[in-house]
Amino acid sequence: MDIKLMLSKILKKTTGEDVSNILEIPADPSRGDISLPCFFLSKKLKKSPVDIASEFVEKIKLPAMFSKVENEGPYLNFFLNKNLYSNKLIEEIFSLKGEYGGNSIGKSKNVVVEYSSPNIAKSFGIGHLRSTLVGNAIANIHKFNGYNVIRINYLGDWGTPFGKILFGYEKFGSKKSLKEDPVKHLFDLYVKMNKNEDYDEESKEYFKRLESGDKSLVKQWKLFRELSIKEFKEIYSLLGVKFDVYSGEAEYNSKLGGVIKELTKKKLLVEDDGANVVKLGDLGVALIQKSDGSSLYMTRDIATAIDRYKKYKFDKMIYEVGSEQKLHFRQLFEVLNLMGNKWSKDCVHIAHGMYLDEDGKKFSTRKGKTVFMKDVLNETVKLAEKSIKGRNVSKNAAMEIAKAAIIYGDLKNHPGRDAIFNIDKFLEFSGDTGPYLLYTYARANSIVSDFKVRKFSDVVLEENEFKLIKMMGEFPSIVKNSMENINPSVVSHYSYELCQSFNEFYHSCKVVGSPSEAFRINLVKSFMIVLENSLSLLGINVVKRM
RNA sequence: GGGUGCGUAGCUCAGCUUGGAUUAGAGCACUAGCCUUCUAAGCUAGGGGUCGAGGGUUCAAAUCCCUUCGCGCCCGCCA
């Protein structure tokens, strides 16, 4: 029972407009539980919003869910029938449980979400953490909105960097180091090769040989890829992130010829400085084929997109990739469009900002070294274990706390902006942090874990009690909003506010032993369901005891 | 130079899509209260802001438009 939806249906009769996005919840509850600003009708009706409000207030027929409607200046303020609303909402949450908040907007629609996508030759650095977490949440949110979601990890497993590490491995590689710590070893080789320009020619040669199918190089490449994926999967499992498909640029190697043919046929491809390009006007030039004939990631991305559309007939394809690639994706979508693919308008690039360190400096160049995801995770778990010492928290919870700290620390930020990665702040147990959310859940659980859901009769609702209820009732529109804006931080902020409301309730309303005991037990239990649902969209698991 | 994004409290951020009910909000830090009482990892109250600057549109601007300053990112053979 989405209260905004319900009211907007009623108001459609009176106003003739869909007001679902205009309705707002006043900060001051004495003004009403939900209200309609009438400014938007002012031009159409050629009346002042104040007059409109006073006219409508007479016309509107309220269902039982509302107790009254008042006009105050240009606003129409609606008051809920508190007991009826509370009881209905709690009933609904209990009956829907894990489904509460979800909807079927995306029913029988496919959405492809590409995220994480580390480059094997380079490193699995902290920069990929954002894509991993944000992408995972975006996928979860779409699923909860009824979409059929295809989660793709599109590995950077092809391109000139592979010429570098293949050549580098032959020159400086060690079987032992590769076995022990493949990701780091390959990264070290890559760095070494980049430092010396003398290796460039041979590296390019190596990639050309790989691309044309040199057996021994392909074998070596496969090994690098396998070992890397194995390590990535360990990290994903720690973070609770999953994919339906592990794909990669290499997979589309065989389809590149077709792309070039089609571009040539459609007279899009022109030669420029020895290379083959597509000219895009304001968007510059998309480089399709290098002067030595080898491919580029633009070429591969074109082939990949076309293939994905064939396979999945997606209604939406979301690329969760860093903002430094904005131009690349604008060019990619435009090339696809020029090739006549109408679906190119359904492709979106969700561009995340960078992580900065505590001083606001670029993280990846800190001390001239890349920060590996694996190290960050291990370090966080250690810090979490340390900080829960003397807090009577189980070891099992330490892992979840570390996870929640990292995930929430990231997802509470607007995805498009840069974010400060400060693990000490993320792990704080107070304030706007993951551990605070988990604590609040555990606290709620400790009140009601010994009780079952009980029947109750109407009670006099305290202010903080009803505030919490209204907050729980907002969840469905949050779910919808975060999907429409492709923005998980909407869910993060909601989760935090929900917890704040709960803690305010907790301090002003005694549960066990109060005259409203039965009602409040149900309220706390339904709060737990809502919080669990909203955190799971972010990829955070709740813990019952800490 | 061109493109693009950002600039809100000492610090970290939300609000900008869709201007109004936000007299500009949170958290951290700071000050003062509240634990024999469902986990004080919390709650309550307080100080702290010319929303980078200037102009414009509007009955109304943190929000829209223009100019300007500062910073990030991108701009053909990397991804």
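Letters A, B, ... are given to chains in the order of the sequence lines, protein chains preceding strands, and every chain is numbered from 1.
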Regarding [X], tell me which of base, sugar-phosphate or nothing describes its non-hydrogen contacts under 4.0 Å with the strands shown.
{"X": "A:N485", "answer": "base"}
{"X": "A:S446", "answer": "base"}
{"X": "A:R300", "answer": "sugar-phosphate"}
{"X": "A:P435", "answer": "nothing"}
{"X": "A:A27", "answer": "sugar-phosphate"}
{"X": "A:E497", "answer": "nothing"}
{"X": "A:Y436", "answer": "sugar-phosphate"}
{"X": "A:C509", "answer": "base"}
{"X": "A:G284", "answer": "nothing"}
{"X": "A:H414", "answer": "sugar-phosphate"}
{"X": "A:E484", "answer": "nothing"}
{"X": "A:F40", "answer": "nothing"}
{"X": "A:N503", "answer": "sugar-phosphate"}
{"X": "A:K510", "answer": "base"}

According to a strict under-4.0 Å criterion, is [X] in side-chain N/O contact with OP1 or OP2 of [N]?
{"X": "A:R330", "N": "B:rU4", "value": "no"}
{"X": "A:Q500", "N": "B:rG27", "value": "yes"}
{"X": "A:R417", "N": "B:rA14", "value": "yes"}
{"X": "A:Y190", "N": "B:rC78", "value": "no"}

I'd like to check, for A:F39, whether its ring lies over the base of B:rG20 with centroids under 5.5 Å apart and a plane angle smaller than 30°.
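Stacked: ring centres under 5.5 Å, planes under 30°.
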Out of B:rC28, B:rU39, B:rG72, whichever nucleotide has its closest atom nearest the side chain of A:A442
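Selected nucleotide: B:rU39.
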Ignoring hydrogens, what is the shortest heavy-atom contact between A:P435 and A:I401? Give both atom names and the distance.
CG-CG2, 3.9 Å
On a heavy-atom basis, which atom in A:A250 and which in A:D157 lie closest, and how many Å separate them?
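Heavy-atom minimum between the residues: N-OD1, 2.8 Å.
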Whole-Å gap separating [atom2] ([N]) and [atom1] ([X]):
{"X": "A:K412", "N": "B:rG15", "atom1": "NZ", "atom2": "P", "value": "13 Å"}
{"X": "A:L438", "N": "B:rG42", "atom1": "CG", "atom2": "P", "value": "13 Å"}
{"X": "A:N194", "N": "B:rC78", "atom1": "CG", "atom2": "C1'", "value": "9 Å"}
{"X": "A:K425", "N": "B:rC11", "atom1": "NZ", "atom2": "C1'", "value": "6 Å"}

Angle class for the A:Y494/A:F475 ring planes (parallel below 30°, perpendicular above 60°, tilted otherwise)?
parallel
Record whether the side chain of A:N77 comes under 3.5 Å of the base of B:rA21 through a donor-acceptor pair of N or O atoms.
yes
For B:rA41, does the base pair up with any side-chain atom of A:Y439 as donor and acceptor (N or O, under 3.5 Å, distance only)?
no
Taking atom [atom1] in both [N] and [M], compute the distance separating them and give it to the nearest angstrom.
{"N": "B:rA53", "M": "B:rU8", "atom1": "C1'", "answer": "14 Å"}
{"N": "B:rC51", "M": "B:rA14", "atom1": "C1'", "answer": "13 Å"}
{"N": "B:rU68", "M": "B:rA29", "atom1": "P", "answer": "42 Å"}
{"N": "B:rC43", "M": "B:rG27", "atom1": "P", "answer": "8 Å"}
{"N": "B:rU67", "M": "B:rA21", "atom1": "P", "answer": "29 Å"}
{"N": "B:rC75", "M": "B:rC16", "atom1": "P", "answer": "31 Å"}
{"N": "B:rU57", "M": "B:rG19", "atom1": "C1'", "answer": "11 Å"}

Contacts of A:T433 and A:V512 projected onto RNA chain B by closest heavy atom; the upstream (5') one is A:T433
Between A:G73 and A:G274, name the one whose nearest nucleotide on RNA chain B is closer to the 5' end.
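Looking at the nearest nucleotide for each, A:G73 comes out on the 5' side.
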Looking at B:rU58, which nucleotide sits across from it as a Watson-Crick or G-U wobble partner, both distances under 3.5 angstrom, or is there none?
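The answer is none; no pair meets the criterion.
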Determine which nucleotide pairs with B:rC73, using a 3.5 Å limit on both distances of a Watson-Crick or G-U wobble pair.
B:rG3
Could you verify whether a donor N or O on one side chain and an acceptor N or O on the other, from A:T304 and A:E249, lie under 3.5 Å apart?
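Their side chains do not contain a donor-acceptor pair, so the 3.5 Å distance test is not met.
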Taking the six-membered ring for Trp, are [X] and [Y] closer than 6.0 Å centroid to centroid?
{"X": "A:Y436", "Y": "A:Y496", "result": "yes"}
{"X": "A:F232", "Y": "A:F124", "result": "yes"}
{"X": "A:F162", "Y": "A:F207", "result": "no"}
{"X": "A:F429", "Y": "A:Y439", "result": "no"}

Has A:N413 got a side-chain atom pairing as donor or acceptor with A:P415's backbone, closer than 3.5 angstrom?
no
Residues in residues 286-294 of chain A with a heavy atom under 4.0 Å of RNA chain B, by number, are A:L287, A:K290, A:S291
Among A:F224, A:Y297, A:W221, find the one that has a ring-ring contact (aromatic ring centres under 6.0 Å, His included) with A:W158.
A:W221
